[in-house]
Amino acid sequence: MERKIRVLVAKPGLDGHDRGAKVIARALRDAGMEVIYTGLRQTPEQIVQAGMQEDVDCIAMSILSGAHNHLFPRVMELLKERKVDDILVIGGGVIPESDIPFLKSAGIAEIFGPGTPTKVTIDFIRANLKRNS
Amino acid sequence: MDDKLKQGLERWNLGIEKSLARFPERRKDFVTGSNAPAERLCTPLDIEGDYSDKLGFPGEYPFTRGVQNSMYRGRFWTMRQYAGFATAEESNKRYKYLLQQGQTGLSVAFDLPTQIGYDSDHPLSRGEVGKVGVAIDSLADMETLFDGIPLDKVSTSMTINAPAPILLAMYIAVGGKQGVPPDKLNGTIQNDILKEYVARGTYIFPPEPSMKLITDIFEYCAKEVPNWNTISISGYHIREAGATAIQEVAFTLADGIAYVDAAIKAGLGVDDFAPRLSFFFNAHNDLLEEVAKYRAARRVWARIMKERFKAESPKSMMLRFHTQTGGSTLTAQQPDNNVVRVTIQALAAVLGGTQSLHTNSRDEALALPSEASVRIALRSQQIIAYESGVAETIDPLAGSYYVEHLTDSIEEGVWKYIRKIDSLGGAVKAIENGYVQQEIQDAAYAYQMDIESGERVVVGLNKFQVEEKAPEGLLRVDPIVGEQQVKKLAELRARRDGAKVKATLAAIDAASRGTENLMPLILDAVCAYATLGEICDVLRGIYGEYQQKVIL
């Protein structure tokens with residue numbers, strides 16, 4: 001049987017807005033993926049560790065507090081330090097367009113802003129996995 | 001009269017059924033913004049019960065028509081824009097700007113480290129300092145925040161929950177330095193921990209000690225700060241998390257019941273603290289449903305206080321509330337359209353009899369609001385107040401067959417949930433076992449799916465889209481703010497009386513092991529310039545930290 005795509009939906013930092021993260025988590029699950037949701041207040045270290053432990057194909061982070069420029073690149077740094085290069089990392093939330101080039105240069109594959117249909121994110125994950133599921 | 005009406009309605013229904021066969025309606029099912037059925041037509045037949053019993057008069061039980069007898073003919077609602085970012089200096093400037101523009105009360109937004117009880121130099125604060133609100137580490141920051149703003153002349157609302165006793169103590173201390181005694185202070189602390197567990201996320205301690213801190217504040221303020229609203233029981237964030245209008249009111253009032261229960265259990269008399277309870281609701285786009293929601297909320301709360309808690313003072317039965325327009329209804333697409341949404345929502349709040357109002361700015365789906373956007377938001381309230389005419393008469397939509405019918409059906413839905421939560425052992429239990437969270441998440445997911453299927457139209461998002469350029473002129477918080485705040489904090493730690501800080505913290509540590517009211521001790525520590533993080537650390541040591549129940 002084909003292995004299901006495994007996704008870690010993560011809430012980095014102190015932000016408590018988890019409506020988007022939970023909606024996305026459920027939509028990914030309804031699309032046939034295995035979803036692990038971290039809950040609130042995760043450090044980049046915790047997120048990377050959970051992603052590795054759960055052997056996920058994708059880490060999807062949601063943040064609405066404005067701390068993305070600090071927390072997203074930190075996750076990428078830690079993955080690099082641990083020589084993990086086959087996990088697709090994406091982000092979403094209230095993130096100004098002007099910050100997106102910086103986040104992409106840090107290795108975040110895509111940023112999904114407010115109003116993005118869940119299908120767009122689902123299709124993106126399927127099309128951009130770094131390993132064959 | 002009823003017979004004539006019934007016959008007429010029958011005749012009319014037959015007629016419309018016929019014409020519908022040829023010209024069907026726009027859709028099969030019509031629903032409200034919260035997915036409740038929206039009737040084609042309401043008539044006097046849809047209104048049940050007795051006018052005096054259900055509506056009565058403004059300022060009188062059950063307060064359906066409003067909590068004051070003259071409502072906005074006496075005085076408009078308080079126009080109170082939630083604001084705060086970066087440092088205390090920056091936020092102080094924004095407050096002065098807003099007051100100068102005709103705002104009538106302040107509303108302080110704190111950054112996340114402050115809300116979760118970490119100082120700006122804590123490792124978890126990195127990247128978060130000054131981002132979603134102002135960073136407050138100690139009384140020194142609070143002195144700067146209110147510099148030149150006379151605390152006996154303004155009322156201040158502070159969105160602070162888990163560390164509410166500390167920020168309230170700082171406010172009292174700043175008042176003291178300005179020569180304003182505690183009994184002359186006016187304002188509100190949010191202080192509503194239960195909705196943090198289900199919808200907002202800035203909890204620190206587990207429910208039991210959190211409820212103890214809350215009742216400490218009730219007791220302390222009843223004696224020392226009598227004009228202070230000791231809690232703002234909030235449906236706002238519950239709604240933002242995806243709840244329907246009925247769920248918003250039901251879960252909020254269920255939380256309210258839990259606070260009243262806790263205070264009574266702590267030995268307080270209901271009429272001693274209940275008059276200072278206040279509420280906070282959302283305003284979404286379905287104008288008539290929202291108006292009905294506020295009216296139903298007032299009626300249900302009045303009955304709860306009178307019948308369930310045997311309150312005697314009418315003030316204990318009045319549901320006074322603040323409203324904020326719905327952040328989650330704003331679109332990042334075509335952001336100027338948000339001005340219209342906010343206007344409709346603000347109108348709902350005013351037609352629903354709110355005591356104070358925050359109107360969101362058009363750019364809030366993108367960033368913190370710019371000064372220009374905040375001004376339009378405030379002007380929208382002023383236009384409603386001075387130009388629309390809706391404030392000239394009390395509860396103008398009363399008697400609308402549809403609005404009264406909606407008010408009744410929301411009330412019925414709310415009672416149903418309250419009975420369910422009672423059967424689960426009350427709000428605290430219903431939150432601990434995840435019931436409330438699950439209900440909200442289900443509604444949030446259904447809403448999102450309705451948008452994606454096109455069943456629900458959001459203008460500019462899933463219909464009437466245009467190609468857009470990236471928005472300009474957004475507010476950005478300079479990342480240097482974090483470093484500045486850390487530096488200020490280091491200087492404070494060096495210059496304060498370390499022994500005094502230690503002694504006041506030790507006193508809190510000792511007292512928090514028992515049942516003594518902590519407010520006076522927290523006030524002592526704050527006055528010695530103990531930091532917010534230091535005080536919260538002492539309490540974390542005794543109380544432990546809440547572990548979120550993760551539900552998908």
Side-chain angles (χ1 to χ4, degrees), chain A residues 9-30 34-46 50 63-74 92-102 112-122, chain B residues 85 111-113 115-116 118 123-132 196 199-203 237 240-242 327-328 330-333 364-368 437 440-442 444-445 447-449 451-452 458 460-462 465 469-472 474-477 479 482 547-552:
Chain A
V9 174
K11 282 292 301 174
L14 304 180
D15 179 28
H17 295 92
D18 58 1
R19 175 179 181 168
K22 286 173 168 174
V23 165
I24 279 283
R26 202 146 152 186
L28 298 179
R29 204 173 60 188
D30 284 357
E34 297 239 15
V35 180
I36 303 110
Y37 171 52
T38 61
L40 298 178
R41 292 195 208 168
Q42 301 296 302
T43 61
E45 287 77 6
Q46 288 169 319
I63 193 162
L64 286 81
S65 74
H68 47 270
N69 282 347
H70 171 68
L71 294 164
F72 283 5
R74 183 74 191 128
V94 177
I95 295 170
E97 270 188 53
S98 52
D99 288 347
I100 294 177
F102 165 72
F112 300 96
T116 308
T118 53
K119 189 174 179 308
V120 172
T121 311
I122 293 165
Chain B
F85 58 97
D111 72 358
L112 284 166
Q115 294 189 52
I116 303 176
Y118 296 123
L124 291 175
S125 301
R126 282 205 56 199
E128 311 265 17
V129 176
K131 282 282 160 59
V132 304
E196 296 296 329
R200 193 167 173 277
T202 68
Y203 44 75
H237 319 88
E240 287 300 285
S328 64
L330 303 182
T331 59
Q333 296 73 18
E364 289 189 62
L366 302 157
L368 289 189
Q437 296 90 315
I440 297 171
Q441 279 165 229
D442 288 349
Y445 194 63
Y447 182 84
Q448 178 66 24
M449 292 302 112
I451 289 175
E452 297 198 6
V458 179
L461 180 70
N462 62 358
Q465 302 98 320
K469 279 195 300 206
E472 285 165 16
L474 297 180
L475 184 124
R476 292 191 70 92
V477 176
Q547 296 304 321
Q548 186 195 20
K549 185 173 175 78
V550 177
I551 294 155
L552 262 192

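Sequence lines set the chain letters: A, B, ... in the order given, protein chains first and strands last, and positions in each chain run from 1.
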*Asks:* What residue in Leu474(B), Leu124(B), Thr331(B) has the most heavy-atom pairs under 4.5 Å with chain A?
*Replies:* Leu124(B)
*Asks:* Can you name the side-chain contact (heavy atoms from CB on, under 4.5 Å) partners of Ala21(A), sequence neighbours left out?
*Replies:* Val9(A), Lys11(A), Tyr37(A), Ser62(A)
*Asks:* If you count heavy-atom pairs under 4.5 Å between each of Ala332(B), Gly242(B), Pro479(B) and chain A, which one has the most?
*Replies:*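 Highest number of pairs under 4.5 Å: Gly242(B).
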*Asks:* Identify which part of Thr38(A) has an atom lying under 4.5 Å from any heavy atom of chain B, answering side chain, backbone, both or neither.
*Replies:* backbone
*Asks:* Is chain B contacted by the side chain of Ser65(A), its backbone, both, or neither, given a heavy-atom distance below 4.5 Å?
*Replies:* both
*Asks:* Chain A heavy atoms under 4.5 Å from Ile451(B): which part of the residue, side chain, backbone, both or neither?
*Replies:*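 No part of it gets close to chain A.
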*Asks:* Under the salt bridge (Lys or Arg N to Asp or Glu O under 4.0 Å) rule, collect the residues that match up with Glu97(A), sequence neighbours excluded.
*Replies:* none
*Asks:* Which atoms of Ala367(B) come close to chain A, meaning under 4.5 Å heavy atom to heavy atom: side chain ones, backbone ones, both, or neither?
*Replies:*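 Contact with chain A involves the backbone of Ala367(B) alone.
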*Asks:* So, the side chain of Gln333(B) versus the backbone of Pro114(A): is there a donor-acceptor pair under 3.5 Å, distance only?
*Replies:*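 It does hold such a pair.
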*Asks:* Applying side-chain contact (heavy atoms from CB on, under 4.5 Å), run through Asp18(A) and Gln548(B) and close with a yes or a no.
*Replies:* CA-CA 12 Å; Asp18(A) 58 1; Gln548(B) 186 195 20; 3.9 Å; yes
*Asks:* Among Thr118(A), Val94(A), Asn69(A), Thr43(A), which residue forms the greatest number of heavy-atom pairs with chain B at distances under 4.5 Å?
*Replies:* Thr118(A)
*Asks:* Can you say whether Leu40(A) sits under 4.5 Å from chain B via the side chain, the backbone, both, or neither, judging by heavy atoms?
*Replies:*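 Looking at Leu40(A), backbone and side chain both touch chain B.
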*Asks:* Tell me, side chain or backbone of Arg29(A) under 4.5 Å from chain B's heavy atoms, or both, or neither?
*Replies:*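 Side chain only.
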*Asks:* Between Glu128(B) and Leu14(A) (side chain of the first, backbone of the second, donor and acceptor by atom type, cut-off under 3.5 Å), is there such a pair?
*Replies:* yes
*Asks:* Check whether any side-chain heavy atom of Gln441(B) lies under 4.5 Å from a side-chain heavy atom of Arg26(A), and answer yes or no.
*Replies:* yes
*Asks:* Tell me, for Tyr203(B) versus chain A, whether the close heavy atoms (under 4.5 Å) come from the side chain, the backbone, both or neither.
*Replies:* both
*Asks:* Between Arg19(A) and Glu240(B), which heavy-atom pair has the shortest distance, and what is it?
*Replies:*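 Minimum heavy-atom contact is NH1-O, 2.7 Å.
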*Asks:* Specify which of Arg200(B), Gln115(B), His237(B) makes the most heavy-atom pairs with chain A at under 4.5 Å.
*Replies:*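 When all of Arg200(B), Gln115(B), His237(B) are compared, Arg200(B) has the most.
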*Asks:* Show, in sequence, the C-alpha distance, side-chain angles and deciding distance for Arg476(B) and Asp99(A), and conclude whether the side-chain contact (heavy atoms from CB on, under 4.5 Å) test is met.
*Replies:* CA-CA 11 Å; Arg476(B) 292 191 70 92; Asp99(A) 288 347; 2.9 Å; yes
*Asks:* Working to the nearest 0.5 Å, report the span between OG1 of Thr202(B) and CG of Asp15(A).
*Replies:* 10.5 Å
*Asks:* So which of Gly20(A), Ala27(A), Gly93(A), Ala25(A) has the largest heavy-atom pair count under 4.5 angstrom toward chain B?
*Replies:* Ala27(A)
*Asks:* Val23(A) and Gln448(B): which non-hydrogen atoms are nearest, and at how many Å?
*Replies:* CG1-CG, 3.6 Å
*Asks:* Given heavy-atom pairs under 4.5 angstrom as the criterion, report whether the side chain, backbone, both or neither of Leu461(B) touches chain A.
*Replies:*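 For Leu461(B), side-chain heavy atoms alone lie under 4.5 Å from chain A.
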*Asks:* Would you check if the side chain of Arg126(B) reaches a backbone N or O of His70(A) as a donor-acceptor pair within less than 3.5 Å?
*Replies:*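 Answer holds: no.
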